[in-house]
Amino acid sequence: MEDRCDVIVIGGGIVGSATAYFLSSNPDFSGSVIVLEPDPAYTYSSSTLSASSIRTQFSNALNIKISQYGYEVLTSFHDLMSVGNDRPDLKFHAGGYLFLAETDAQVEIMKQNYSVQLANDADVVLWSQSELASSFPHLNVADIKLASYGRSGEGWFDNADFLNGFKRKAESLGVRFIKDEAIGFNVEKQSLKSVKLKSGKKIEADYFVNSAGSRAGKIAKYAGITMPVVPRKRTVFVFDCEQSPQGSAAVNMGLLPLMVDSTGVYCRPEGNVFISGCTPKEDLDVDFNDFTPNYTEFDDIIWPALANRSSYFEAIKVRNYWAGHYAYNVLDQNMILGCHPAIENLYFANGFSGHGLQQAPATGRGLSELIIYRGFRSLDLSPFSWDRVIKGQPFLERSIV
Ligand SMILES: Cc1cc2nc3c(=O)[nH]c(=O)nc-3n(C[C@H](O)[C@H](O)[C@H](O)COP(=O)(O)OP(=O)(O)OC[C@H]3O[C@@H](n4cnc5c(N)ncnc54)[C@H](O)[C@@H]3O)c2cc1C
């Protein structure tokens with residue numbers, strides 16, 4: 001059995017769904033779009049297993065601009081994605097990231113990042129140890145030399161509603177979401193003709209989008225392309241405190257920040273509880289199907305770091321935990337966007353590492369422009385092209401949480 005469309009999007013997570021939305025909502029595009037998604041419940045998609053936060057505190061200027069657009073979309077999402085009377089509510093919490101620097105090397109990087117952030121209109125402030133102590137008095141800052149805090153333009157939100165909002169709006173604009181899995185391509189010369197599906201069907205298209213998240217490398221291989229994107233496991237822990245600093249009079253910022261400790265451990269409020277995580281000691285590639293949480297990370301890395309940082313975090317209890325995959329770009333931890341020279345009609349949007357949720361609006365918009373106009377019309381995302389990957393020249397993001 002055969003089907004046909006103008007654009008076929010492989011992977012209906014946040015990146016695929018945002019791309020489908022930006023294509024279908026563009027008045028200059030009248031084509032048909034199909035999104036393939038084998039797991040419509042999104043049980044193992046990074047988008048639903050994410051920590052769902054957005055920041056401007058990056059080291060790379062373009063990542064700052066991408067998040068500024070992401071923030072714009074998140075904060076007007078209920079209007080942008082309304083379908084009839086249904087207006088999605090992302091429960092967006094404006095709250096800053098608080099990065100802590102302990103070593104001279106961390107201080108140096110923080111200062112460099114800050115100058116890039118300032119030059120790109122990010123509302124970030126650097127605090128000395130005493131300024132940090134007076135802003136968040138419950139924190140033990142004895143070992144902290146410098147902190148950076150996002151005063152606005154940062155926060156956290158509901159990831160499932162973010163994904164569903166794009167998806168439902170795209171559907172209302174005519175996009176078809178099909179439950180199926182890509183297992184290969186029919187290729188002629190330098191062009192894809194159709195995608196083969198696990199169901200035995202095939203779908204012909206003019207343009208193909210690889211938005212398969214941590215499985216992007218598999219899709220690339222079907223087209224004979226090797227990409228430096230691998231699955232890396234990240235475990236998220238939900239905990240509550242016997243005595244919570246939430247709402248404490250000592251906290252003059254109203255809401256606790258998303259703290260990224262000098263150890264790399266992060267923690268942020270989520271209603272009455274907290275979510276936390278860290279980079280594993282050995283950050284190894286994992287099997288595509290390995291979603292077993294690394295439970296020992298909590299006792300070995302997270303709890304000691306948090307207990308050292310605040311006495312409120314000495315008595316805490318894990319309530320829930322899960323593991324998700326970063327689609328980790330081993331070259332530079334940044335996305336790979338656009339076509340590879342070997343195949344003229346396969347568009348990639350992969351390798352977001354730890355920041356793809358907030359980048360989905362700018363990525364979806366950029367990818368739709370590449371397909372419709374053959375070039376970027378809004379934000380120039382060309383530094384993320386395959387060019388630097390092929391040349392082995394990193395377009396680095398140093399600030400990976
Ligand atoms: C624990 C964790 C915390 C994170 N925290 C943040 C954060 O705070 N902020 C942030 O911005 N980002 C964060 N990220 C990163 C972010 O979640 C991802 O970068 C983003 O969700 C990637 O979206 P995606 O659509 O590319 O991938 P996914 O959401 O994984 O979607 C890809 C989809 O492709 C489908 N697929 C796979 N193979 C095929 C195939 N063969 N055929 C068809 N479909 C296929 C999958 O089923 C999947 O649904 C975090 C990630 C993790 C794991």
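In what follows, every heavy atom counts, from backbone to side chain, and hydrogens, waters and symmetry copies are set aside. Order of listing sets the numbers, starting from 1, for every ligand and every atom in it.
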Which atom pair, heavy atoms only, marks the closest approach of [X] to [Y]?
X	Y	value
Ser368	Phe22	OG-CB, 3.6 Å
Ser399	Glu397	N-OE2, 2.8 Å
Gln358	Ser67	OE1-OG, 2.9 Å
Ser17	Phe177	OG-CE2, 3.6 Å
Leu357	Ser50	CD2-OG, 3.6 Å

Quick check on the 6.0 Å ring-centre criterion: do [X] and [Y] meet it?
X	Y	answer
Phe58	His355	yes
Tyr321	Tyr295	yes
Phe208	Tyr347	no
Phe384	Phe395	yes
Tyr44	His325	no
Tyr114	Phe99	no
Phe313	Phe239	yes

- Query: If you measure from atom 32 (C) of ligand 1 to every heavy atom of Ser211, Ser45, Ser46, which option wins on shortest distance?
  - Reply: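 When every heavy atom of Ser211, Ser45, Ser46 is considered, Ser211 comes closest to atom 32 (C) of ligand 1.
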Name the closest protein heavy atom to [atom], giving the residue it belongs to and the distance to 0.1 Å.
atom	answer
atom 3 (C) of ligand 1	Ala51 N, 3.2 Å
atom 45 (C) of ligand 1	Pro38 CD, 3.6 Å
atom 52 (C) of ligand 1	Tyr326 CE1, 3.5 Å
atom 12 (N) of ligand 1	Gly354 O, 3.2 Å
atom 42 (N) of ligand 1	Ala182 N, 3.0 Å
atom 34 (O) of ligand 1	Gly11 CA, 3.2 Å
atom 37 (C) of ligand 1	Arg215 CD, 3.6 Å
atom 53 (C) of ligand 1	His325 O, 3.4 Å

Residue-level breakdown please: for [X] versus ligand 1, do any non-hydrogen atoms fall below 4.0 Å on the side chain, on the backbone, on both, or on neither?
X	result
Ile219	side chain
Glu181	both
Ser52	backbone
Trp156	neither
Ala327	neither
Val236	side chain
Ser353	backbone
Gln359	neither

Contact atoms of ligand 1, heavy-atom distance to [X] under 4.0 Å:
X	answer
Leu36	43 (C), 44 (N)
Gly324	53 (C)
Leu49	1 (C), 2 (C)
Phe352	19 (O)
Arg234	1 (C)
Gly13	25 (O), 29 (O), 31 (O), 33 (C)
Ser53	7 (C), 8 (O), 9 (N), 10 (C), 11 (O)
Ile10	42 (N), 43 (C)

Would you say [X] has any N or O atom under 3.5 Å from an N or O of ligand 1, going by distance alone?
X	value
Ser47	yes
Glu37	yes
Ser214	no
Tyr97	no
Gly12	no

With Asp89, which residues qualify under side-chain hydrogen bond (donor to acceptor under 3.5 Å, both in side chains), at least two apart?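 Partners of Asp89 under the side-chain hydrogen bond (donor to acceptor under 3.5 Å, both in side chains) test: none.
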Please tell me whether [X] and [Y] have a donor and an acceptor in their side chains that are separated by less than 3.5 angstrom.
X	Y	result
Glu369	Ser378	yes
Thr279	Asp283	no
Thr56	Glu154	yes

Residues which pass side chain to side chain contact (heavy atoms under 4.5 Å, CB included) with Asp121, listed by chain and number, not counting sequence neighbours
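In terms of side chain to side chain contact (heavy atoms under 4.5 Å, CB included), with neighbours along the sequence ignored, Asp121 is linked to Gln68.
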